[in-house]
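The structure appears right after this line, and notes come after that.
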2 protein chains.
Amino acid sequence: MDGTGRRATIRDVARLAGVSTATVSQVLNGGRPVAAATRARTLEVIAELGYRPNIFGRGLRTRRSHLVGVVLPDLSNPFYPTLVRGVQDRLGSSGYHAVVCNTDGDPGQERELVAELMDREVDGLVVVHFTLKPKDFSGITGRGVPLVVIGRPRGFDHVYTNDFRASAAMTTYLLEVGYTSVAHIAGPVGIGPAGPRCAGYRAAMRQHGLSSSMAPVVHSDFSMTGGAKALVELLERGIMPRAIFCANDLMALGAIEAAQARGLRVPEDLAVAGFDDIYVASLVRPALTTVGHAAAALGNTAAGLLLDRIGGASGPPFDVEIDFELRKRQSA
Amino acid sequence: MDGTGRRATIRDVARLAGVSTATVSQVLNGGRPVAAATRARTLEVIAELGYRPNIFGRGLRTRRSHLVGVVLPDLSNPFYPTLVRGVQDRLGSSGYHAVVCNTDGDPGQERELVAELMDREVDGLVVVHFTLKPKDFSGITGRGVPLVVIGRPRGFDHVYTNDFRASAAMTTYLLEVGYTSVAHIAGPVGIGPAGPRCAGYRAAMRQHGLSSSMAPVVHSDFSMTGGAKALVELLERGIMPRAIFCANDLMALGAIEAAQARGLRVPEDLAVAGFDDIYVASLVRPALTTVGHAAAALGNTAAGLLLDRIGGASGPPFDVEIDFELRKRQSA
DNA sequence: TTGAAAGCGCTAACAA
DNA sequence: TTGTTAGCGCTTTCAA
């Protein structure tokens, strides 16, 4: 590459090294034996010319982009950047890179982004909280592009947190630590982990003899303002629980802020627990009691499974459960 | 696309529509007139077949990937996800997608990632806190791939916060509000915005008659543990300022935690200010006094400039300064 | 307004 | 151990 002229191609290398383009390709990609002297000479010319294979030419032949798509709700929710770093760190120097897209929780967006990424010829896809069903998806892809879902199992390879059990555990903790009434601020109906987290809460309440009329649920969206609104709605309905379990940390943070704004002390008047253990959870005061499930591990594992599939692994869907842990802090 | 067979190509479309591949291409990309009837028939077949242009074939001809690279220090620092969303939102439905990479503040990584992205044939590059010089860079690319730098100007298109002025303003604020001694916890020497932020601090100190012996600086890295360590180092050196200005919010958070762990009250015993106004800054207690400069706007603007250049805009380097604002909260 | 055909850069099948 | 060559799917020039 001389800085001004056109970029060197494999033919330039072949010509200068006095070999065929096939040999240059073999030197680069392995696959068949090349004489040491030939290899050395070729590498020399490659270095001299600063030759880099053109990705389009290569892709056109190999149908590999060395790109994976990552589709998630919203990079602004601090849970996801951590997850993405998990993916990126696993991809590392494998030659793969990640294209990250936000759905903002909209299934239509999700469908469209998956389609765009398929058009991009990504070699694999990581989707967080997939809402599409296998049949929708098969309609989209039509080919065997590996897909790993982070979240609810739906017949794909997936890695997930057991939202149901984790939510039940947190609810049980709140009840057993002495909060006689516990409400739940849930995510939007049918979106991501909202369902199983809500179900886990309800199951734990039932198990403690609290019928659904004693287990108030407000749906809202997974943001701070969502949490704040939900708290207000709860109070306006005349419901004043001793504790609130929120479906994620952002909501919990919003609920705490709204509660404090109305003169309620946390946790004395109202205890609040969250879900995710985003890193702020331990920084705010009161520090947030929440469910920890390693975002980085989710991303890391998902990327690992994806690379396995891309590498040709076959067999039944992978199914990896990531541990969770109750982080008992000050807010509840 | 029939779900099992191979994917439809432009030739399949041409055959079925009874036109040439050239016409199909024109229908898709415009550029020359196509008879209404021909166009309609072609579009029909395209829809029927679910035809999607292959990106490699197209790229091989057009040398466009419709991909932009984003190189930044670390997605785990909450400042950057916001910036990335700014980029993504600006790219929006333009057909461009972003490949995001972390340098972890290492110039070697930066060089390598830029090279990898160039190999990927990205149509443009956004780099945050570029450490390479124009000549290093020209050696890497050798071609006119547009580059927008977020951070220190170096002869590229760039969008930036005036770190020097902002830091001086914050330091001045601390001094004028009554803190008689102010120390600075700086970033790693020569990395990102560490230099100008430190210089701004020093200039303001000088302007208030405080020589460099009265303006202690500790270098550390841009993380919470970095901030905590730096605070400890300061104390162990026997320096106990009334206030500390940290080069970013994570450091400030770490410093506050370390200070509190040593029994110091913030801000009564020690005031702490940060830089970035990451969204946690307003959530922690005491809420962090910091410099706000809109991360999303930085990303958004950079992506906009990049698209302009990709679209063919020529002329001297763009040079956009993003406003900053002192966010005076409880910690100082 | 349309078609034929060259060719982007690469890999891999086949031949030597 | 190496070379020749077809062809991946597309855009675009040239010709009609």
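Keep in mind that this is a model prediction, so the values were computed, not measured. Below, chains carry the letters A, B, ... as their sequence lines are ordered, and counting in each starts from 1.
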Whole-Å distance separating the CZ atom of Arg15(B) from the P atom of dA4(C)
13 Å
Phosphate contact (dT11(C) OP1 or OP2) by Thr21(A) side-chain N/O below 4.0 Å:
no
Upstream residue (5' side of DNA chain D) when Val19(A) and Leu28(B) are each assigned their closest nucleotide
Val19(A)
Ignoring hydrogens and angles, state whether a donor on the side chain of Asn102(B) or Gln88(A) is under 3.5 Å from an acceptor on the partner side chain.
yes
Taken to the nearest 0.5 Å, the spacing of His97(B) NE2 from Cys101(A) SG works out to 5.0 Å
From the candidates dT1(C), dT2(D), dA4(C), the one with an atom nearest any side-chain atom of Ala22(B) is dA4(C)
Calculate the interatomic distance between Asp119(A) atom CG and dC10(D) atom P; express it in whole Å.
11 Å
OP1 or OP2 of dT2(C) sitting under 4.0 Å from any side-chain N/O of Thr23(B)?
no
Side-chain contact check for Tyr51(A): nearest option of dC10(C), dT2(C), dT1(C) is dC10(C)
Between atom CG in Asp12(A) and atom C1' in dC8(C), what is the gap in whole Å?
13 Å
Would you mind telling me which of dT11(C), dT11(D), dT2(D) lies closest to the side-chain atoms of Ile10(B)?
dT11(D)
Let's see if you can work this out: which of dT4(D), dC14(D), dT11(D) has an atom nearest to the side-chain heavy atoms of Asn29(B)?
dT11(D)
Give the nucleotide from the list dC10(D), dT4(D), dA5(C) with an atom nearest to the side chain of Ser20(A).
dT4(D)
Give one of base, sugar-phosphate or nothing for Ser25(B), where a contact means two heavy atoms less than 4.0 Å apart.
base
Between dA5(C), dG3(D), dT2(C), spot the one nearest the side chain of Arg32(A), thanks.
dG3(D)
Distance col, row Leu113(B):CG vs Met118(B):CE, nearest 0.5 angstrom, shows 13.0 Å
Using the six-membered ring wherever Trp is involved, compare the ring planes of His129(A) and Tyr80(A) and label them parallel, tilted or perpendicular (cut-offs 30° and 60°).
perpendicular
If I take atom CG from residue Asp123(B) and atom CZ from residue Arg63(B), how far apart are they, to the nearest 0.5 angstrom?
11.5 Å
When rounded to the nearest 0.5 angstrom, what is the spacing between CG in Asn300(A) and CG in Leu91(A)?
9.0 Å
Scan residues 54-66 of chain B against DNA chain D and write down, sorted by residue number, each residue with any heavy atom closer than 4.0 Å; if none is found, say none.
Asn54(B), Gly57(B), Arg58(B), Leu60(B), Arg61(B), Thr62(B)
For Arg58(A), is there an ion pair with Asp119(B) - N to carboxylate O distance below 4.0 angstrom?
no
Could you state the CZ-P distance from Arg11(A) to dC8(C), rounded to the nearest angstrom?
8 Å
